[in-house]
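One structure is given here, and the rest of the page talks about it.
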Amino acid sequence: MNELVEAIPFLGKRYPKATKWLIIILAAVAPLIAAYFGRSWMRILDFALLYMMLALGLNLVVGFAGLLDLGYIAFYAVGAYTWAFLASPHFGIHMPFWIVLPLGAAFAALAGIMLGFPVLRLRGDYLAIVTLGFGEIVRIFMNNLNHPINITNGPQGINALDSLNLFGWNLSQSIKIGDFQIHYLYLYYYFFLLCVIGSIIFIKRLQISRVGRAWAAMRDDELAAKAIGINTRNMKLLAFALGATFGGVAGGLFGSFQGFVSPESFSLMESIAVLTMVVFGGMGNIAGAVVGALALTALPEILRNIALPVQQAVFGTVILDPEVLRMLLLSLAMILMMLLRPAGLVPAHARYSRPELLKGGA
Amino acid sequence: METLLQQIVNGLVVGSVYALVALGYTMVYGILGLINFAHGEVVMVGALTALQTLLFLMGVAPDMAPLLKLAIAVLVAVPVCMILGFLMERLAYRRLRGAPRLAPLITAIGMSFLLQTLAMIIWGRNYHTFPQLISTDPLQPIDGVFITPVQIAIVIISALMMAGLILLVTKTRLGRAMRATAENHRVASLMGVDTNAIIALTFVIGAGLAAVAGVMFASNYGIAHYAMGFMPGLKAFTAAVLGGIGNLGGAMLGGIVLGLVEAVGAGYIETMTFGFLNSSYQDIFAFVILGIVLIFRPTGLLGERVSDRA
Amino acid sequence: MKKTGIAIAIMGLGFGLLSNGVSAADMVVKLGHVGPLTGSISHLGKDNENGALLAVEEYNAKGVTIGGKKVKFELVGEDDQADPRTGTTVAQRLVDAEVVGVVGHLNSGTTIPASRIYNQAGIPMISPSATNPKLTQQNYAGVFRTIANDVQQGSAIGKFATGALGAKSIAIIDDRTAYGQGLADEVEKAAKASGGKVVAREFTTDKATDFMAILTKIKAQNPDVIFFGGMDAQGGPMLRQLKQLGINAKFITGDGGCTGEIIKLAGDALGSTSYCTQAGLPLDKMPGGKDFKERYKKRFNLDVQIYAPYAYDAAAAMIEAMKAADSTAPAKYLPALKKINFQGVTGNVAFDDKGDIKEGAITVYQFKDGGWNPVN
């Protein structure tokens, strides 16, 4: 929170308290503001919250523990497919969310450990490319496990997933009180917001715990960390498992929100997008992940709303379409951030990390 | 029997292209310890530049001999890719040389996507037809086993270029400087080697090879596309790791082996797994091999280095 | 950060508003259209939108009176980029804009997730081109399509292969996309049902360029016909590689490969033993096809790509249903839409109880004289 406050220029330094409240109020009324521009913006906000959870989870692995994971979206997929298996007509099983979400998280954690074990010895680039392979393998299996037994329904995906039902309260149905109605997108927003806040609190506690400090030590110098008695093997596994857990939960929520999962939602590009959010916001830093996710979910949509009419007006046709703009934005964000501001938009707090390392030369 | 022989031919052809691309990865990794993710995109730029040149030549000189056209296209594509390789190194990677190791890697991934996007803007999203100037009419050296002249050319050209590169690295002064830089930058520079120039040169040579690989790839399949470099690039990297990263001979061997495994694997996986797995899993072979090699034999088949370079 | 974002969004909205001028007098009824207006198949998306626009304009010109008031229809066009997630976002945008019906989307992959949003909002939708059977199997009340689905296309291909082509053995390849796999499964079923033998079932991806390994394996089985469920970008190189391997089997592919693009990509590997199918009739053979072609050309100065007539009929079906129900409220005209029966450009437009078009036609084309020609 304080990092976020400090990241806001001018206001944050002068009136930290006021800024803090401003952020809280903004988070609370954001959907109302978004609704003013149309419900599609609320949907975008909902997705931004999902991406925040993903970015927070990946940040745990990449930022805290220093393990570059390019297959992170696989855990998101595990969570989403768990929801699809246990809460949809596909197998005819309809379990409530308080069973499915934890199960999805557990499966994702298990997948994280399964990935973690073999790659314990790998570092840096090798780790990156093996995790990339892992992500692709998971996607390929999901795309093909409809034969000889139909498990995932292959490329067709699974449809008509149950929506979130909080003990009899279906979040996908708008609440009507007389003429006044609360649209279901609000309900999802606040539910997701609670999940994100919960994640932030958990991660915050984790960061200043023994585990968080052990990760920081391991990230900054693995040999030294070993020498002072940190069990780096367990710490790495824990990072993979916990990071994956967030992915799993976000995946389950995504499944319930979208109502449809198919392997094409879990492509390498999505892994890269989440990584870019972490890098853009600032590695090793909770506020960074939040800001990165929000910025990189909203920016392409905003660009789409400005750049297209502008191009239409100036050139008469659309030269750079929204997908190209999004790709440009993501790739440039990665390169320029690394070159110009490697600590990210919101640099990590100095106590638990060493941003000076990122500024070049130890 | 013909089927198996045919699969081996298929594997050799694909493997030769992988091998040529793998050389670029292995050279850069050997010197900088960096996976240049964008190397596959250089292959793509090579193919599309050659395509552009060919289309231009067909417009201005339709009567020119096809092989001459192709030669000119290669002569344009290679320098273009070399400049691209040089710029990547100079503008991005060099500035990150002292940074923690995640930074250059993330930059390389960003570079890969940036090049794809730029290519998408320049050449569009469509698949382009690449003129097949070397004949693709099949020959039958053995009854029932088919190979086309363009495939023969690919295998031979790849072999020649690899041999040339090995000679360059092992026999010349320049090669010695490269090996010295790979061994230890600081010591090499103390010995009077201009390491910056050597590193830039490594990128340039790798990019040149990639351009040739791109043209061969496009000639063989008759298509070119903005995303054509990514998957072959990843697979070539796998080949480099399989052979032993940093080792030129290893990259060649790895490329050929990977090509063979993919072709034979796709052909026989269904029989081998009793119908449980099938050719839809063709793309995972590379990743599975990569995982196994890195975990059990990180030095690769012919490797010299260990993976754990801190 | 946030504040500038909002300011920018306001600007964006301003631009959006500028583009829809509304004349004041009539009752304005909004219909939505969604298709990919940017990206690799934007020409098809634009084609659909033009088709729907033509219908709207022609009805406006004729003048429609509903509930005693003169109605002016307005088409709100959205771009889903052929991406499922964007598809749901723009679907939401149309719901916000209070459209009374939606023509779209183009791809099955975007239509299926979007249909859930329209269904929640109680807005009917008619897709002019999404052929995946799943779309109408969801049993949403307001989901229709004016084109034959992949079950119909697949069974037509299977029957054609075993019947007209006389195939005893058939090899099937698909690209592991929802479209390719769905179609290939239907072909397999139909071929088996009509006495053909499926001797090989192989797979590739929608990004692959090398098919030598699977084709070599197929060659060993020596099939009479090879079917490929996938797009032209893979179909073209596949045809070349068939030739390189000296495989002489007949080749047939679905609508994804029934394009002009594949003719360029395959080069001289296409021959008279190559076939493809397309849902619907060729434009010239549609009951209102010739006339439509001229009207379309006159209005947009463009040629019809593929699905514009289906989009036209989709929009027309909605307006006809509103006239029949004498209401533009979705809940009121939906029952009339279910029972609609009129002569459209593409043929008789009537839906079965799932929402599929009743008389969906499939046409087989053969490669001849440098182009695709319908087989009688």
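The basis for the numbers below is simple: all heavy atoms, side chains too, and nothing from hydrogens, waters or symmetry mates.
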Inter-residue atom distance B/Asp283.CG - A/Glu136.CD, 0.5 Å rounding: 8.0 Å
Most chain B-contacting option - heavy-atom pairs closer than 4.5 Å, from A/Val130, A/Leu332, A/Asn144: A/Asn144
Which atoms of B/Leu105 are under 4.5 Å from chain A, going by heavy atoms: the side chain, the backbone, both sets, or neither? side chain
Quick check: closest heavy atoms across B/Phe287 and A/Leu132, and the distance to 0.1 Å? CE2-CD2, 4.0 Å
Compare all side-chain heavy atoms of B/Ile109 with those of A/Thr276 and state whether any distance is below 4.5 angstrom. no
At a 4.5 Å cut-off on heavy atoms, which part of A/Leu268 comes close to chain B: side chain, backbone, both, or neither? side chain
Please classify the contact between A/Leu127 and chain B as side chain, backbone, both or neither, with a heavy-atom cut-off of under 4.5 Å. neither
Relative to each other, are the rings of B/Tyr29 and A/Tyr126 parallel, tilted or perpendicular (30° and 60° limits)? parallel
Which portion of B/Phe37 sits near chain A, non-hydrogen atoms under 4.5 angstrom: side chain
Contact origin within A/Val324 toward chain B - heavy atom pairs under 4.5 Å: both
Engaged part of A/Leu70 at the chain B interface, taking heavy atoms whose separation is under 4.5 Å: side chain
Under 4.5 Å from any heavy atom of chain B, what part of A/Ile272 do you find: side chain, backbone, both or neither? side chain
What residue in A/Leu275, A/Ile129, A/Leu68 has the most heavy-atom pairs under 4.5 Å with chain B? A/Ile129
The interface call for A/Phe141 against chain B, heavy-atom contacts under 4.5 Å, is both
